[in-house]
Amino acid sequence: MKKVFLYGLFSMSLLVSYGQSKQTPVYLDDSQSMEARIEDALSHMTLEEKIAMIHAQSNFTTPGVPRLGIPEIMMTDGPHGVNKELEWNSWNSAGWTNDAATAFPAMTCLAATWNPEISLRYGQAIGEEARYRKKDVLLGPALNIYRTPANGRNFEYMGEDPFLIAQMVPAYVKGVQQNGVAACIKHFALNNQETWRGHIDVEVSDRALYEIYLPGFKAGVLEGNAWAVMGSYNKYRGQWCTHNKRLNNDILKGEWQFDGVLISDWGSTHDTDEAALNGLDIEMGTWTDGLTTGEKFAFNRYYLADPYLKKIQDGTLPISSLDDKVRRILRLNLRTNMNRNKPYGSFTSPEHYKVAREVAEQGIVLLKNEKNFFPIPEGRYNKIVVIGENATRKLSTGGGSSTVKVSREITPLEGLIEKYGADKIRYTMGYGSGPLSYGFAHPSPYNADSLKREALALAKDADVVLYIGGLNKNFNQDCESGDRLSYSLPFGQDELIEDLLKVNKNMGIILISGNGVAMPWINKVPALMQSWYLGSETGSATANVISGQANPSGRLPFSIPKRWEDNGAMSFGTISYPGDSIRQVYMEDILVGYRWHDTKKIPALFPFGYGLSYTTFDYGKASADQKEYNENDVITVSVSLSNKGAKSGAEVVQIYASQHNPSLPRPVKELKGFKKVFLTPGETKTVKIAIPVKQLAYYDDNTHEWIVEKDKFTLHCASSSTDIKSSITIRIN
Ligand code: BGC
């Protein structure tokens, strides 16, 4: 009897457990809340499975939990196109033939559009490509501040102004994430130079940190809802940013309540305890202890691998922080590869090329245009001479991790031939750079004199000369892991330009770069365009803008100083930039970019926000909807804008604010609103720009608060940071 009873109990418990295991585990059940699914999955995992999830298993992936059907996380660079497939555990191409992607314009160009709507389309398109290629995390957008024109990675970033960046980034992030692909905003934070990026210790005031260096990230997290953030290589307050307590625990996960994953930059992790406790969720790319030979199981020696496992097992480190990391990674899984409703994505579609071309056309900045040199309509000239290596160089490749293996890339020369006809175009290089390299600069293999001679001979008899030069993506130019060594154009281009102007004054310059350059010849040249690394549609967009089929509407996302030392950070010498190899001090503090030029009365050669059009715009007098406001109000500035020319075009109406009597020093003025407005010939629109009063705050680093003071403020309605059309004074109560 007793036996039977026991047997009965046993069989009942078997039944219960059998019954449970037949049920769908909660983490697989879409109808459950995400947090319930996360807790359920976590409860099924062993310690070893948890540890495996938080570090790389290959160059660009982390393992999931195969036993539980939780997939691997596939990452890719970013931010201008989906990178080619790489070998599992190396930087070599895997040699696939179906991975050539659309190259979108570099981030500088996107910022130069001043158009959040097109930023959304950019994000959607690159997100579709990432999803099609089965990637779960796109390592972009990149948004470090353009602090100096020396930074080799400025082309990957979005200029010098935190407000502009904060308007552009959320749209990109949302566009990417609509595809079930996480955007990973990078590099958090203060990675504003490549020189000594792996260890330079940045000293910056809290005001500059909060007012200048963090707003783009904050907007990406709070408005874009970014699912991933990448920590940076450098140090801040003596601690590596990737496991920096203040940046990660206090600000990102504390103040901003970020619920996504913080991923290390590749090889930016240096310590197990700090990585465990200071907010790092996934360790990527570290050749721990200098294991550069590619040992098969080196991943186990990552700081967040075996060393962390041991410290949890022996009780030195708590399991709670590991569980927090795993929860975040599971959340990432559920948002990306475990989201059954995600779209399929698409790749190299006509729509993607269209987005790439439109961003490029809207980003090119017309800087000078005497006597309507541009546009050059078809049929105006019979002999167009194109000079400059960048006319034929495919520049989507190179520059470091943002390189894109392109499905197609139309060069400027090809675009011009397509537009004007092969019989009208003559081309010569004029100058030549060295082959593409990473980590060192090849000298040019060309004979500069003979290249120049040929160019002068061709230019002499030309109806018009189009000079297409600038920087390229070679080391010490616009390239990761090294900064520029000089503000001048490389490969003798300044002398070449001067000499060309001596034989033919009818010359327009198109500079391709991600950085401002010195322009000693600027007064002699009638016309100049600032172009960027434009990606797949470089040639078509360039030719469309040159010919007038597209009307340029880009505005500079950074100031171009006359001299390198006119830049705030550069003006303080080596302690400010690049530092003494151990530490650097951001001496210019909050006066970055135009804030410096304005406040110190050192005019830039071309100011932030500047750019011309083929049409002209008339501004009415701006007005505000009230005279006085309270802290929670929104100010609406209205201004009428008319297109007075014969071409459709777009103007970027910019609102800068100045406080009359601030308790702390403030820049002369700061961008607080803008709108890109498209107008047909003769059309007039009333442009309305909303500015929450809270935007007028400064960050008080004594009280650690954003403060809007009771004071008068002047709102300048402007077409660049120096071209003010009208001003309104309001009072904040
Ligand atoms: C770069 C990151 C990039 C990563 C992976 C690092 O060197 O700083 O921006 O995403 O490599 O390629």
Side-chain angles (χ1 to χ4, degrees), residues 55-62 73-94 99 101 104 106-108 126 130 133 135-145 151-158 169 172-173 176 181-200 216-217 220 226-235 240-242 261-270 280-287 292 299 302 397-405 438-439 473 475 478-483 514 533:
H55 61 86
Q57 61 164 356
S58 78
N59 206 7
F60 279 88
T61 73
T62 55
I73 290 171
M74 307 289 185
M75 308 184 191
T76 180
D77 279 308
H80 307 141
V82 177
N83 198 5
K84 60 185 168 291
E85 295 299 327
L86 299 174
E87 284 178 356
W88 189 243
N89 189 15
S90 91
W91 293 93
N92 298 333
S93 162
D99 58 349
F104 296 91
M107 292 281 99
T108 29
I126 194 172
R133 288 268 307 281
K135 304 302 178 190
D136 307 310
V137 180
L138 178 78
L139 303 173
L143 51 123
N144 295 88
I145 290 282
N151 185 1
R153 285 187 95 171
N154 276 338
F155 73 99
E156 288 187 63
Y157 303 150
M158 304 185 78
V169 163
Y172 179 119
V173 169
V176 170
V181 174
C184 180
I185 53 181
K186 65 187 189 184
H187 310 86
F188 187 68
L190 302 165
N191 181 185
N192 303 105
Q193 67 190 46
E194 290 299 285
T195 303
W196 301 313
R197 70 172 177 178
H199 60 265
I200 195 79
F217 290 100
W227 296 334
V229 173
M230 184 188 292
S232 64
Y233 282 120
N234 48 291
K235 290 180 179 174
W240 269 287
C241 292
T242 294
V261 292
L262 178 66
I263 302 173
S264 75
D265 201 342
W266 269 232
S268 69
T269 313
H270 298 271
L280 180 64
D281 300 309
I282 296 182
E283 180 185 2
M284 294 301 294
T286 312
W287 297 98
T292 49
F299 296 110
Y302 275 27
T397 315
S401 59
S402 65
T403 186
V404 183
K405 175 178 166 187
Y438 185 68
K473 288 192 178 168
F475 191 65
D478 287 324
C479 183
E480 188 176 339
S481 90
D483 279 353
Y533 301 110

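Counting starts at 1 for both ligands and their atoms, following the listed order.
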Exercise. For the side chain of Ser264 and the backbone of Trp266, is there at least one donor-acceptor N/O pair under 3.5 Å apart?
Worked result: no
Exercise. Non-hydrogen atoms of His187 versus ligand 1: any pair closer than 4.0 Å?
Worked result: yes
Exercise. Side chains of Arg153 and Ser401: donor-acceptor distance under 3.5 Å anywhere?
Worked result: yes
Exercise. How does Met230 reach ligand 1, if at all, at less than 4.0 Å between non-hydrogen atoms: by side chain, backbone, both, or neither?
Worked result: side chain
Problem set entry | Atom indices of ligand 1 within 4.0 angstrom of Tyr233 heavy atoms, with elements | 6 (C), 7 (O), 8 (O)
Exercise. At a 4.0 Å threshold, what atoms of ligand 1 neighbour a non-hydrogen atom of Phe60?
Worked result: 5 (C), 12 (O)
For this session: Taking Asn144 for its side chain and His187 for its backbone only, find out whether a donor-acceptor pair lies under 3.5 Å.
Result: yes
For this session: Record the part of Glu194 in heavy-atom contact with ligand 1 below 4.0 Å; permitted values are side chain, backbone, both and neither.
Result: neither
For this session: Output the list of atoms in ligand 1 that are nearer than 4.0 Å to some heavy atom of Leu139, sorted by atom number.
Result: 10 (O)
Exercise. Considering only protein heavy atoms, which is closest to atom 10 (O) of ligand 1, and at what distance to one decimal place?
Worked result: Asp77 OD1, 2.6 Å
Problem set entry | Which segment of Arg153 sits under 4.0 Å of ligand 1 when only heavy atoms are counted | side chain
Exercise. Have Tyr233 and Asn191 got a donor and an acceptor in their side chains that come within less than 3.5 Å?
Worked result: no
Exercise. Of all the heavy atoms in Glu480, does at least one lie under 4.0 Å from an atom in ligand 1?
Worked result: yes
For this session: For Asn151 and Asn192, indicate whether the former's side chain and the latter's backbone hold a donor-acceptor pair under 3.5 Å.
Result: yes
For this session: Could you tell me whether the side chains of Thr195 and Asp483 share a donor-acceptor contact shorter than 3.5 Å?
Result: yes
For this session: Could you tell me the residue and atom name of the protein heavy atom closest to atom 2 (C) of ligand 1, and the distance to it rounded to 0.1 Å?
Result: Asp265 OD1, 3.3 Å
